[in-house]
2 protein chains.
Amino acid sequence: MAMPRRMLRTPSQRIEPAVLGAVVYILNEDGPDGLTVRAIAKRAKVAPMTIYNHFNGKNGLLEIVWTDGFSTLQQALGIETGDPAHDLIASALAYRNFALEHRAHYTVMFIHHFDGFVPSIPATQLAAQTFQVLVNHIQRCQAVGLFEGYSATNAAQMMWSACHGYVSIELTSVNFSSDHEGTFRSLITGLLRGLGPSLSTP
Amino acid sequence: MAMPRRMLRTPSQRIEPAVLGAVVYILNEDGPDGLTVRAIAKRAKVAPMTIYNHFNGKNGLLEIVWTDGFSTLQQALGIETGDPAHDLIASALAYRNFALEHRAHYTVMFIHHFDGFVPSIPATQLAAQTFQVLVNHIQRCQAVGLFEGYSATNAAQMMWSACHGYVSIELTSVNFSSDHEGTFRSLITGLLRGLGPSLSTP
DNA sequence: ACACTAATGGAACACTGTTCTATAGAGGGC
DNA sequence: GCCCTCTATAGAACAGTGTTCCATTAGTGT
């Protein structure tokens with residue numbers, strides 16, 4: 001009963017999910033520092049070279065995580081009932097939920113800068129499209145009198161700043177607030193009210 | 001006229017400013033990726049070993065940048081005239097100005113995670129103190145009826161989230177807004193209004 | 001069953017932070 | 001001015017990183 005002279009080959013179809021699963025697992029468990037090519041290969045039970053044959057090295061993997069993340073986020077933000085203000089708030093809550101439930105993706109998309117990783121032009125466009133979903137929400141709100149006097153882009157930038165700021169602070173665990181969800185809700189509804197219709201007496 | 005067998009020694013008093021200056025320069029010019037011990041030493045015209053003798057390696061340098069940054073920021077936020085709401089807005093603007101004028105420091109403090117860098121306990125306490133300055137602003141505001149129904153900590157968390165979110169997006173140059181300062185001002189004043197006194201008709 | 005594809009292990013490269021070494025220049029006491 | 005101590009220096013060395021190249025050989029399609 002001799003040891004095989006080398007590890008058995010991983011069937012081709014299982015390589016991609018195994019590697020991507022390893023990336024997400026390591027990011028969630030050990031953080032960005034632990035995400036090395038050799039560690040990914042080891043966890044995926046795959047040779048390091050496979051990461052260069054199947055993907056485009058470490059940056060290729062990050063690009064997939066980035067793209068998958070923005071696709072998921074874009075869908076999560078596309079809430080459309082009859083009430084634009086409600087939709088905007090729901091989208092903000094969905095944004096936070098996405099970050100909490102897909103820490104690994106959110107880290108790659110927004111938090112951690114990986115040495116030498118620059119998303120491709122299509123990947124960047126996908127991110128811009130995702131932002132556009134937010135702009136569309138604002139425009140629907142403007143149709144019913146909210147965000148008067150602001151450009152939709154600027155208003156969207158403000159909403160996104162608030163969401164991203166709160167969430168990124170929450171994820172890096174320097175949130176001094178009690179009741180993380182409640183405070184986030186207050187932030188969003190407060191901002192919506194403050195940027196809402198003029199407060200002059202009717 | 002022979003070349004000296006080795007570089008002349010850098011006088012002790014000039015080492016610290018030269019090295020710290022090099023760190024800030026490289027962070028501003030090449031970003032976090034370019035900040036290597038050898039690059040710092042080269043730019044400071046100093047031997048790499050000096051960084052380990054004088055400071056505590058790369059992490060020691062980062063800790064100094066962190067500490068200096070929070071000291072400066074804490075002072076910049078300590079605005080106190082008679083008008084609490086005005087002071088809060090002025091502090092928010094000062095926060096953004098600090099980030100723009102001290103990109104390198106802001107990067108180390110809030111944006112980039114450096115492999116293996118964990119600020120010491122005193123350094124972390126200094127950061128918490130800085131946050132407390134914001135809480136104090138909120139409390140003064142509450143004394144004149146603003147932020148009713150919110151805990152000061154939670155309200156401060158919301159304000160900081162908005163500031164940090166906007167600024168970090170601006171620094172990583174994915175700001176879609178026109179008029180960066182104006183939009184930031186709108187964000188802050190809008191949030192202040194939205195979290196302000198109840199909007200029920202008088 | 002056979003041929004082709006591609007996953008494997010291992011060596012190698014340039015880079016990183018870090019430690020250790022012997023050397024010799026700077027600074028202070030006389 | 002002289003000498004002695006302190007320490008900044010250059011350089012090698014270590015483990016780790018992303019990445020490339022290699023011969024070997026196990027899967028896979030026909």
Side-chain angles (χ1 to χ4, degrees), chain A residues 2-23 26-27 30-66 108 112-119, chain B residues 2-23 26-27 30-66 108 112-119:
Chain A
M3 277 290 286
R5 308 188 22 189
R6 67 169 65 183
M7 292 296 289
L8 296 185
R9 287 179 56 174
T10 307
S12 305
Q13 287 84 356
R14 304 206 174 168
I15 285 185
E16 195 160 316
V19 171
L20 294 178
V23 170
I26 293 174
L27 280 175
D30 305 340
D33 295 7
L35 193 75
T36 70
V37 172
R38 290 169 176 86
I40 297 166
K42 188 174 181 179
R43 165 127 203 115
K45 295 198 166 87
V46 143
M49 263 309 292
T50 308
I51 292 174
Y52 294 89
N53 293 333
H54 272 254
F55 313 93
N56 202 13
K58 191 180 179 182
N59 286 343
L61 288 175
L62 292 173
E63 170 118 352
I64 292 177
V65 174
W66 164 291
V108 172
H112 190 88
H113 171 75
F114 290 85
D115 244 59
F117 171 58
V118 181
Chain B
M3 277 290 286
R5 307 187 24 190
R6 67 169 66 184
M7 292 295 290
L8 298 185
R9 287 180 57 173
T10 308
S12 305
Q13 287 85 356
R14 304 205 174 168
I15 285 184
E16 195 160 316
V19 171
L20 293 178
V23 170
I26 293 174
L27 280 175
D30 304 340
D33 296 7
L35 193 74
T36 70
V37 172
R38 291 168 175 85
I40 298 165
K42 188 173 181 181
R43 165 125 206 119
K45 295 198 168 91
V46 144
M49 265 307 292
T50 308
I51 292 173
Y52 294 89
N53 293 332
H54 272 254
F55 312 93
N56 202 13
K58 192 180 178 182
N59 286 344
L61 288 176
L62 292 173
E63 169 117 353
I64 292 177
V65 173
W66 166 291
V108 173
H112 190 88
H113 171 75
F114 290 87
D115 243 60
F117 171 57
V118 181

**Report entry** Side-chain N,O (B:T50) to OP1/OP2 (D:dT7) below 4.0 Å
**Finding:** no
Query - Test item: B:L35 and B:D30 side chains (from C-beta on) under 4.5 Å apart, heavy atoms - result: no
Query raised in the report: Taking atom C1' of D:dT20 as reference, at what distance in whole Å does atom CD1 of A:I51 sit?
Result: 14 Å
Query raised in the report: Which pair of heavy atoms, one from A:A39 and one from A:G34, lies closest together, and at what distance?
Result: CB-O, 3.7 Å
Report task. With the side chain counted from C-beta on, respond yes when B:F55 and B:E16 share a heavy-atom pair under 4.5 Å apart, and no when they do not. Result -> yes
Query raised in the report: In whole angstroms, how far is the P atom of D:dG18 from the CG atom of A:D33?
Result: 11 Å
Requested in this report: Grab the CZ-P distance between B:F55 and D:dA8 for me, whole Å please.
Outcome: 10 Å
Query raised in the report: Which residues pass the ring-ring contact (aromatic ring centres under 6.0 Å, His included) test with A:F114, sequence neighbours left out?
Result: A:H112
Query raised in the report: Within less than 4.0 Å of OP1 or OP2 of C:dA6, is there a side-chain N or O belonging to A:H54?
Result: no
**Report entry** Separation of atom NZ in B:K45 from atom P in D:dT9, rounded to whole Å
**Finding:** 12 Å
**Report entry** A:N59 side chain to A:G116 backbone, donor-acceptor under 3.5 Å
**Finding:** yes
**Report entry** Euclidean distance, atom NZ of residue A:K42 to atom P of C:dG10 [Å, nearest integer]
**Finding:** 14 Å
Query raised in the report: Rounded to the Å, how far apart are A:E16 CD and C:dA7 P?
Result: 11 Å
Report summary line: With B for base contact, S for sugar-phosphate-only contact and - for none (protein heavy atoms under 4.0 Å), nucleotides 11-20 of chain C reads -B---BBBBB
Query raised in the report: What is the distance from atom CD of B:E63 to atom NZ of B:K58, rounded to the nearest 0.5 Å?
Result: 15.0 Å
